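Nothing fancy with the numbering, it's 1 onward along the sequence. Values in this document were obtained by computation on a predicted structure and should not be read as measured data.
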Amino acid sequence: MKTRNDILAEYVRSRYPEIEKTFDFAAYSTGVALKEFGRCIKEAFGGTGKEVDDVCDSEH
């Protein structure tokens, strides 16, 4: 069974086939990828909520 998101994706692709070639979509996709990367990094460092900059500053 298709999810609502699958149906929405099919609708957008059928109505706006050029959307994947636009700068707006590229920027949005990059933003999503960077957010996911940030979540992975946070999880890798134990998810303490401590900012990376704070850790670097405390070592000096």
Asks: If the threshold is 4.0 Å, N to carboxylate O, is there a salt bridge linking Glu18 and Lys21?
Replies: no

Asks: Dump the intermediate steps for side chain to side chain contact (heavy atoms under 4.5 Å, CB included) on Phe37 and Ile41, then the final yes or no.
Replies: CA-CA 6 Å; Phe37 179 71; Ile41 294 295; 3.8 Å; yes

Asks: Starting at CG of Leu34, measure out to CZ of Arg39 and round the result to the nearest 0.5 Å.
Replies: 11.0 Å

Asks: If I take atom NZ from residue Lys2 and atom CD from residue Glu10, how far apart are they, to the nearest 0.5 angstrom?
Replies: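 Output value for this atom pair is 3.5 Å.
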
Asks: I need the Tyr16 OH to Phe25 CZ distance, nearest 0.5 Å.
Replies: 14.5 Å

Asks: So, taking the atom named CD1 in Ile7 and the one named CE in Met1, what distance separates them when rounded to the nearest 0.5 Å?
Replies: 7.5 Å

Asks: Could you tell me the separation between the CD1 atom of Ile19 and the OH atom of Tyr28, rounded to the nearest 0.5 Å?
Replies: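 Reported to 0.5 Å precision, the distance equals 10.5 Å.
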
